[in-house]
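Reviewing the structure listed below.
Chain letters run A, B, ... following the sequence lines, proteins first, then strands; residues in each count from 1.
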Amino acid sequence: MTIQETLSQHIKVAFSKLYQAELNTVEFQSTRKEFEGDITVVTFPMLRVVKMNPAQLGEDLGKYLVEHVDEVKAYNVVKGFLNIVIDDVFYLNFFNSIKDDNSYGFKPQSEKAIMVEYSSPNTNKPLHLGHIRNNLLGYSVAEILKAAGHKVYKTQIINDRGIHICKSMLAWERYGNGETPKSTGLKGDKLVGNYYVKFDQEYKKEITDLVAQGTPEEDAKKQAPILLEAQDMLRKWEAGDKDVVALWKTMNGWVYEGFETTYKNLGVDFDCYYYESDTYLLGKEFIAEGLKSGVFFKKEDGSVWCDLTEDGLDEKIVLRADGTAVYMTQDIGTAIQRIKDYPDVEGMVYTVGNEQDYHFKVLFLILKKLGFDWAKNLYHLSYGMVDLPSGKMKSREGTVVDADDLIVEMSNTAKELSQELGKLDDYNDQEKQTIYNTIGLGALKYFILKVDPKKRILFDPKESVDFQGNTGPFIQYTYARIQAILRKADFDTSITQSLSDTSLHEKEKELIKQLELFPEVIQNAAQNHSPALIANYTYNLVKEFNSFYQNVSILGADNQNEKVFRVQLSQAVANTIKNAFGLLGIDVPERM
RNA sequence: GGUGGCAUAGCUCAGCUGGAUAGAGCACCUGCCUUCUAAGCAGGCGGUCCUAGGUUCGAAUCCUAGUGCCAUCACCA
């Protein structure tokens with residue numbers, strides 16, 4: 001039972017005893033720092049039950065609690081706020097109960113699984129900063145859901161089908177001279193990305209030529225030979241043309257290899273992969289079924305639609321007149337396929353940018369109409385764009401921040417800073433590089449994850465990512481300092497001390513209170529699908545610890561008991577930092 | 001135009017189911033390294049919480065209307 005539950009029970013009893021009235025809920029908040037106390041009871045809502053002066057009510061309750069509850073040591077009332085002082089013993093006992101629990105705050109895994117989809121890139125474009133936000137969010141939410149007690153499968157849908165793929169294939173055939181990632185030394189995704197850009201350049205050139213010859217621009221856009229050729233290629237692909245499919249496989253293979261490298265560098269992973277080219281057919285099957293059951297209807301031209309006007313939305317196409325699949329078709333197929341493959345999955349989270357809010361609203365609704373009961377547990381983890389000072393990122397205009405480049409830049413910045421400080425001089429180059437990567441990535445990940453997912457992020461490549469203040473490195477630094485202390489502590493820290501006669505330093509108590517919050521924060525973050533809550537919690541914990549660290553001597557404590565306790569407390573904080581950062585996908589260094 | 005999201009200090013962001021004098025970081029200004037790592041600590045400066053109404057003992061938070069920015073309203077994915 002938590003202290004709040006204990007207090008709540010007693011207050012209810014007090015109410016019936018003192019006023020013969022029944023109280024349903026008690027409202028608590030943590031006591032503001034300028035007042036004495038640990039927990040505050042807000043008396044105003046109680047005035048509905050008994051009509052009396054809030055200050056007097058506070059006095060009565062405070063007096064009752066001191067008399068009847070062991071943990072309550074003292075109280076004071078300020079303007080209807082009853083501030084309760086909790087006995088140090090309570091906090092010490094609590095601390096002893098968690099100090100050896102390496103997975104404190106984490107719930108054991110249940111049988112129910114959630115599938116988290118993220119990344120889901122376009123195979124023509126190398127990953128950029130926007131994908132980084134997606135990947136970090138998806139990975140982190142998956143980890144948070146695990147910590148909150150869910151079984152989780154991480155997955156993605158790879159957009160490997162359609163005209164856009166043919167564009168880079170065609171450009172490569174025409175201008176590639178047989179180039180491969182090996183022959184050029186380029187990452188596969190970058191190589192293919194270049195040909196996608198090349199296609200666009202040639203396409204524009206052809207349009208210009210046509211216009212110069214007198215073709216209206218609208219027509220020129222449709223008649224450019226290179227585009228017609230790409231469309232022809234798509235038809236061949238759909239017909240299963242051997243050569244086209246072989247090329248498609250080869251080039252996609254290059255891209256996947258390139259992506260895997262980026263994922264590895266970014267520290268994200270997946271349990272399973274889905275390919276649009278595999279699932280769109282299943283989607284079609286269910287469209288046919290839905291047509292029979294009346295969920296969908298057919299228009300005169302043969303196209304299939306879903307009428308969502310009763311739900312306040314429009315009609316939505318789910319199959320083209322020529323019978324080919326649209327985006328929605330394959331998403332329906334993918335969802336159903338996943339549940340078939342993983343029957344323990346009871347819900348899914350889709351990490352996709354907020355420009356697709358409407359799409360997912362419709363998708364979820366259609367799945368519900370099709371009668372899948374898991375459809376009620378679908379969640380669109382919608383997040384805001386990452387903007388640059390120059391505006392939106394556009395691949396074709398070259399105004400993107402490339403993911404690989406950014407990761408390298410970050411660790412270079414970490415390297416420069418670290419070398420200035422010179423604390424790692426006795427490490428070899430490889431060890432140093434590992435730490436630079438940890439810090440650089442930590443800065444980047446924290447910078448992105450600390451912001452509420454639904455808000456847009458303005459990213460200034462030159463100034464945005466800082467290493468001081470509310471940043472990843474600040475928190476990593478605190479962790480590293482604690483490790484230094486633990487290395488120096490030459491005694492057994494695993495013992496459990498009887499602490500009944502110890503009195504807590506104010507900073508120690510604050511730290512324990514902060515630790516106490518962790519399990520609740522995890523649950524909250526899971527419910528809200530928000531890594532930002534974990535990030536902010538960790539920051540508060542670390543601020544509190546740093547204040548403790550600077551104001552209180554840990555290894556220089558007055559007596560052995562106190563020294564052991566402080567080291568143990570530091571250890572528990574370090575452990576919590578590590579676990580919390582793990583939920584964000586951020587590593588912590590032993591030294592920095 | 002319809003729908004959805006966002007709006008808090010010069011900048012980047014917190015602010016949980018309404019609660020005490022709205023909090024951090026950066027920037028700017030003061031102090032603190034012969035003592036556990038100064039990527040730190042202690043303090044100062046800085047706010048009509050977009051506007052106007054409403055609900056309430058109490059509103060940055062909830063409701064209504066408006067303003068601004070963004071997204072979306074494709075037989076593109």
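- Taking the six-membered ring for Trp and thresholds of 30 and 60 degrees, A:Phe459 and A:Phe447 have ring planes more than 60 degrees apart, a perpendicular arrangement.
- Below 30°, between 30° and 60°, or above 60°: for A:His131 and A:His128 the angle between ring planes is between 30° and 60°, a tilted geometry.
- Checking B:A39, B:G15, B:C75 against the side-chain heavy atoms of A:Leu533 singles out B:G15 as nearest.
- Listed nucleotides B:G25, B:A20, B:C16 differ in distance to A:Lys79; the shortest reach to its side chain belongs to B:A20.
- Looking at heavy-atom distances under 4.0 Å, A:Phe35 makes contact with a base.
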Kindly indicate, with the supporting measurements, whether the criterion side chain to side chain contact (heavy atoms under 4.5 Å, CB included) is fulfilled by A:Phe360 and A:Tyr379. CA-CA 9 Å; A:Phe360 282 99; A:Tyr379 181 80; over 6 Å; no

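- Rounded to the nearest Å, the gap between the C1' atom of B:C16 and that of B:G10 is 29 Å.
- For A:Asp314, the listed nucleotide lying nearest its side chain is B:C73; candidates were B:C75, B:A39, B:C73.
- Among the protein residues, A:Leu319 comes within range of no part of the nucleic acid, since none of its heavy atoms lies under 4.0 Å from any strand.
- Residue A:Gln356 is classed as a base contact, given a heavy-atom separation below 4.0 Å to a base.
- One finds a side-chain N or O of A:Arg481 lying less than 4.0 angstrom from the OP1 or OP2 phosphate oxygen of B:A38.
- Consecutive Watson-Crick or G-U pairing (both distances under 3.5 Å) extending over three or more pairs maps onto RNA chain B as B:1-7 with B:67-73, B:10-13 with B:23-26, B:28-32 with B:40-44, B:50-54 with B:62-66.
- A:Thr438 and A:Asp587 are not linked by any side-chain donor-acceptor pair at a separation below 3.5 angstrom, with hydrogens and angles left out of the test.
- Side chain of A:Leu555, nearest nucleotide from B:C26, B:A77, B:C36: B:C36.
- A donor-acceptor contact under 3.5 angstrom links the side chains of A:Asn546 and A:Arg481, judged on distance only.
- No side-chain donor-acceptor contact under 3.5 Å links A:Asn134 and A:Thr351.
- The residue A:Lys454 sits close only to the backbone: its heavy atoms come under 4.0 Å of sugar-phosphate atoms, none of a base.
- Atom CG of A:Leu129 is separated from atom CD1 of A:Ile448 by 5.0 Å, given to the nearest 0.5 angstrom.
- B:A7 and B:C49 are spaced 14 Å apart, taking the P atom of each and rounding to whole Å.
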Are any protein N/O atoms closer than 3.5 Å to N/O atoms in nucleotides 57-65 of chain B? If there are, list each pair with its distance.
unit_1 : atom_1 : unit_2  : atom_2 : d
B:C57  : N4     : A:Arg48 : NH2    : 3.3

